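Structure record follows, encoded as structure tokens.
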Number of protein chains: 2
Amino acid sequence: MSGATNPDLAVRLREAGLRPTRQRVALARALFEVEHRHVTAESLHAEAKAGRNPVSLATVYNTLNQFRDAGLLREVVVAPGRSYFDTNTGHHHHFYVETDGELHDFPSDKVTIAGLPAPPKGTRLSRVDVIVRVRR
Amino acid sequence: MSGATNPDLAVRLREAGLRPTRQRVALARALFEVEHRHVTAESLHAEAKAGRNPVSLATVYNTLNQFRDAGLLREVVVAPGRSYFDTNTGHHHHFYVETDGELHDFPSDKVTIAGLPAPPKGTRLSRVDVIVRVRR
DNA sequence: CAAGCAGTTTAGAACAATTCTAAAACTGCA
DNA sequence: TGCAGTTTTAGAATTGTTCTAAACTGCTTG
Ligand SMILES: [Mn+2]
Ligand SMILES: [Mn+2]
Ligand SMILES: [Zn+2]
Ligand SMILES: [Zn+2]
């Protein structure tokens with residue numbers, strides 16, 4: 001399992017207009033070959049370094065931004081200076097545990113948001129984010 | 001409220017446990033003697049400098065943080081490195097115009113959020129933030 | 001109202017997160 | 001195999017914010 005290249009990932013990257021380089025594939029595996037996750041640039045960098053796929057921090061940032069721009073990831077900002085990259089790009093919302101910085105998904109299909117006003121004129125809806133902040 | 005019978009800002013600051021210094025009163029007036037607003041530290045600093053109440057940037061940050069901690073302001077984080085301080089501390093939500101960084105309030109009383117899951121165990125609800133992201 | 005002290009302000013240093021730079025290393029392709 | 005374009009990288013730079021330590025000011029007390 002380790003070391004083998006996953007052709008699906010390479011294809012997925014190519015389809016996103018990104019060359020499947022060693023670094024990008026390594027990061028993509030860490031991100032997409034497991035359950036949905038929420039990583040920071042620092043945490044992913046530490047993880048890559050700990051395994052044996054060292055990737056520079058600049059490349060981690062570049063890659064996360066590219067993946068996000070390609071729609072492979074979504075970025076969630078919960079607090080000043082705390083940006084998470086989320087492998088779950090479908091509709092869902094978040095619990096943010098303020099006391100320890102943890103972020104948890106919850107599905108949006110049982111949540112109903114009714115009565116939202118129309119967007120300011122001249123604007124188009126992009127996304128509705130719900131962040132439920134909790135404390136221990 | 002900021003109308004005819006101008007509430008004594010000095011009293012308000014004292015009640016918050018803050019000495020009504022020249023700088024704090026100047027910033028409080030800019031913030032609370034007009035309609036609700038959303039400022040950044042930079043924008044408030046620029047505004048103070050442009051009027052004739054120059055206040056150091058460090059003091060602007062200190063003051064905004066103190067006002068927030070005292071419940072006079074609330075902080076809204078919408079994008080990496082973009083923290084707004086909001087003079088509207090009541091229940092309400094936001095439109096964020098991603099294309100130009102503008103933040104607009106909308107009342108929460110007509111919005112219904114139903115079916116939110118229970119907070120993760122061991123945690124207590126702190127606040128629910130809804131950010132409606134739109135683009136021009 | 002003067003002294004004194006805690007609380008406050010300030011410039012500038014320090015920091016943390018992120019982006020930029022420019023040179024070296026790759027990749028895909030002719 | 002050579003080459004052009006792309007990617008990676010270390011380190012510098014930038015940005016937003018906090019910290020430091022010295023100067024200053026608001027408030028209390030004598
Ligand atoms: Mn970014
Ligand atoms: Mn803060
Ligand atoms: Zn998520
Ligand atoms: Zn607001």
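What you see is a predicted model, and the numbers here were worked out from it, not measured in a lab.
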Sugar-phosphate, base or nothing in reach of [X], heavy atoms under 4.0 Å:
X     : answer
A:R24 : sugar-phosphate
B:S83 : sugar-phosphate
A:T59 : base

Specify the separation, in whole Å, of atom [atom1] of [X] and atom [atom2] of [N].
X     : N      : atom1 : atom2 : answer
B:Y61 : C:dC15 : OH    : C1'   : 13 Å
B:E42 : D:dT15 : CD    : P     : 10 Å
B:N53 : C:dT10 : CG    : C1'   : 16 Å
B:H45 : D:dT15 : NE2   : P     : 16 Å
A:R22 : C:dA25 : CZ    : P     : 13 Å
B:L27 : C:dT10 : CG    : P     : 9 Å
B:L13 : C:dT8  : CG    : C1'   : 13 Å
B:R19 : C:dT8  : CZ    : P     : 5 Å

Between A:E47 and A:R37, does any side-chain N to carboxylate O distance fall below 4.0 Å?
yes
Carboxylate-amine/guanidinium contact B:R74 B:D129, below 4.0 Å:
yes
Minimum heavy-atom separation for B:R135 to A:S126, with atom names?
CG-CB, 3.8 Å
From the candidates C:dT10, D:dG26, D:dT9, the one with an atom nearest any side-chain atom of A:V55 is D:dT9
So which nucleotide from C:dT8, D:dT9, C:dT18 ends up closest to the side chain of A:Q23?
D:dT9
Using heavy-atom distances to pick each residue's nearest nucleotide on DNA chain D, tell me which of A:L57 and A:L18 is more 5'.
A:L18
If each of B:R14 and B:A58 is mapped to the nucleotide of DNA chain D with the nearest heavy atom, which maps nearer the 5' terminus, i.e. the 5' end?
B:A58
Does B:N53 reach the side chain of B:L27, with side-chain heavy atoms less than 4.5 Å apart?
no
Given D:dT18, is OP1 or OP2 found less than 4.0 Å from the side-chain N or O atoms of B:N65?
yes
Does C:dG7 have its OP1 or OP2 closer than 4.0 Å to a side-chain nitrogen or oxygen of B:T21?
no
We want to know whether B:S83 and B:E75 form a side-chain donor-acceptor pair, criterion being a heavy-atom distance below 3.5 angstrom.
yes
